[in-house]
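Worksheet: the structure to be examined is printed underneath.
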Amino acid sequence: MQKVTKEHIEKLTDYLWEIPTSFRKDMLVPARILASEQILDDIIEDRSLNQLVNVATLPGIRKASLVMPDVHEGYGFPIGGVAATSYPDGAISPGGIGYDINCGVRLLTSSLKMKDIKEDLEALGKELYAKIPSGMGKGGQIRVFSEQMDEVLHRGAEWGVKQGYGHKDDLAYIESKGRLAWADPSCVSQMAKNRGTDQLGTIGSGNHFVEVDVVEEIYDNESAKAYGLHKNQIVVMIHTGSRGLGHQVATDYIRIMINAMQKYGIKLPDRELACVPFNSEEGQNYFKAMCAAANYAWCNRQIISWEVRNAWETLFGKEKGQLRLMYDVAHNIAKVEDHVINGKNERVIVHRKGATRAFGPNFEELPDAYIAVGQPVIIPGSMGTCSYVLAGTTKSYDITFGSCCHGAGRRLSRTAAKKQVNAPVLKEQLRERGIFIEAGSFKGIAEEAPIAYKDVNSVVDTVNISGIAKKVAKIKPLVVVKG
DNA sequence: ATGTGC
């Protein structure tokens, strides 16, 4: 298959590039790349642009196949990708959502400032590491079986709150209120449920983490005030997803769809794009299972928040130890949404894989305090760099179906990173810079080294300048807990 | 990402 080169790419604006449908005759829509020229040059040799073109052949795809500036290669679809298909008969594809269904990020804000915790960073890292189970295959203390598991899958974060893992007020500050109503536990295999039995309240491994950060800079006073963020404030970021349960849901339905595709006459350039019509039996079952796994992930992040709050209270006491949920976003999910395409309102199935929803002001789901400034977008950087809070914009609807990037984006494969990085040395270097890492393995540290990632500042500048999200605050890591 | 692999 013909490889994408710079010659095939047309410049639409300084930050938007297009591979037209003339590039390959199976493309149904153009492929668009949101990137600075520097970022584009860095990814041009990557397989991710060919994956982006492949996505443009997805049955029922509308307007354009899109990637954000943090794009990199994924299973079938690129990570950092957005694809909207027509409702109700366009494709739904598990590869367009990812194995870690509802991988996402939440941010908790504290009433503490840098000066309040400067001396406690190491103890804080040890306490968090002790309270929050992490690592590959790791389970926690909580067990959910049969009816209780079904309740978790039905009710998401709400189940956690009901069991005492958090405040009722938390729910308003979660995307979709931490619950997708289409979830149907009967569409989730017993194997998936078994894998999820003891994994609520656990981080997992890879790029997942719990991190204590300090707000280093505020860019937009009005939004920062609405979100309750201010300079020198200590905040906590949680990044994880649906663990083994979501992974098993993806595995189960990818196999089902590979087998069902011929029946619907679907031919694709890569079998990793396996998909079926959204309104087919297989499509509906997957969607209901995906919603259930998404609910599990929201419940997981809810329970981890409870663990973090416990650690916080242990160290700082009841009065100073309060943590408020600022927001929780999903970045591996598909949603049915209404968007304007060619001037007409259309219902579409938006696949976001390593992409964050970034809805602008006046979106009715937002809590009252946020409605005038738009939805918070949380962008974790890599371990030793920094992260960002942005605000969604109305402009994002026109360009990216109301989506934004989800992180810095990998630059090196895990294997390449392991070859280049001496993890014990890196850990010590970060410590000298005042960043304390508590990790279960040196392998994990090497794979997640800052050098393995793109520069988060240039990724965020791209989305900020192109107007799909607005910079609100920059935060800097102090303590990182990883698997 | 994942009881790291058909």
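Everything numeric in this text was worked out from a predicted model, so none of it was measured.
The closest donor-acceptor contact from the side chain of A:Arg433 to the backbone of A:Gly384 lies under 3.5 Å.
The interatomic distance linking A:Met136 (CE) with B:dT2 (C1') rounds to 5 Å, in whole Å. Whole-Å rounding puts the A:Tyr253 OH to B:dT2 P distance at 21 Å. Taking atom CG of A:Leu245 as the reference point, atom P of B:dT2 lies 12 Å away to the nearest angstrom. Following rounding to the nearest Å, A:Glu448 (CD) and B:dT4 (P) show an atom-to-atom distance of 18 Å. When the P atom of B:dG5 is taken as reference, atom CD of A:Glu272 falls 13 Å away, rounded to whole Å. For A:Asn102 and B:dT2, the CG to C1' distance is 16 Å, given to the nearest whole Å. A straight line from CD1 of A:Ile101 to C1' of B:dT2 spans 12 Å, rounded to a whole angstrom. The interatomic distance linking A:Arg243 (CZ) with B:dT2 (C1') rounds to 9 Å, in whole Å.
Using a 4.0 Å heavy-atom distance criterion, A:Gly206 is classed as a sugar-phosphate-only contact. Within 4.0 Å (heavy atoms only), A:Lys138 reaches no atom of the nucleic acid at all. Within the 4.0 angstrom heavy-atom criterion, no nucleotide atom of any strand lies near A:Gly241. In this structure, A:Glu447 reaches neither bases nor backbone, as no heavy-atom distance under 4.0 Å exists between it and the strands shown.
A close approach under 4.0 Å does occur between a side-chain nitrogen or oxygen of A:Ser205 and OP1 or OP2 of B:dT2. In this model, the phosphate group of B:dT4 is not approached by any side-chain N or O of A:Arg414 to a distance below 4.0 Å at OP1 or OP2.
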Donor-acceptor contacts under 3.5 Å from residues 180-187 of chain A side chains, at least two apart:
{"from": "A:Asp184", "atom 1": "OD1", "to": "A:Ser186", "atom 2": "N", "distance (Å)": "2.9"}
{"from": "A:Asp184", "atom 1": "OD1", "to": "A:Ser186", "atom 2": "OG", "distance (Å)": "2.8"}
{"from": "A:Asp184", "atom 1": "OD2", "to": "A:Ser186", "atom 2": "OG", "distance (Å)": "3.3"}

Under 3.5 Å, which donor-acceptor pairs do the side chains of residues 266-279 of chain A form with other protein atoms, sequence neighbours left out?
{"from": "A:Asp270", "atom 1": "OD1", "to": "A:Glu272", "atom 2": "N", "distance (Å)": "2.9"}
{"from": "A:Glu272", "atom 1": "OE1", "to": "A:Gly76", "atom 2": "N", "distance (Å)": "2.8"}

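In this structure, A:Tyr227 has its ring center no closer than 6.0 Å to that of A:Tyr327.
A donor and an acceptor atom, one from each side chain of A:Asn102 and A:Ser242, are nowhere located under 3.5 Å apart.
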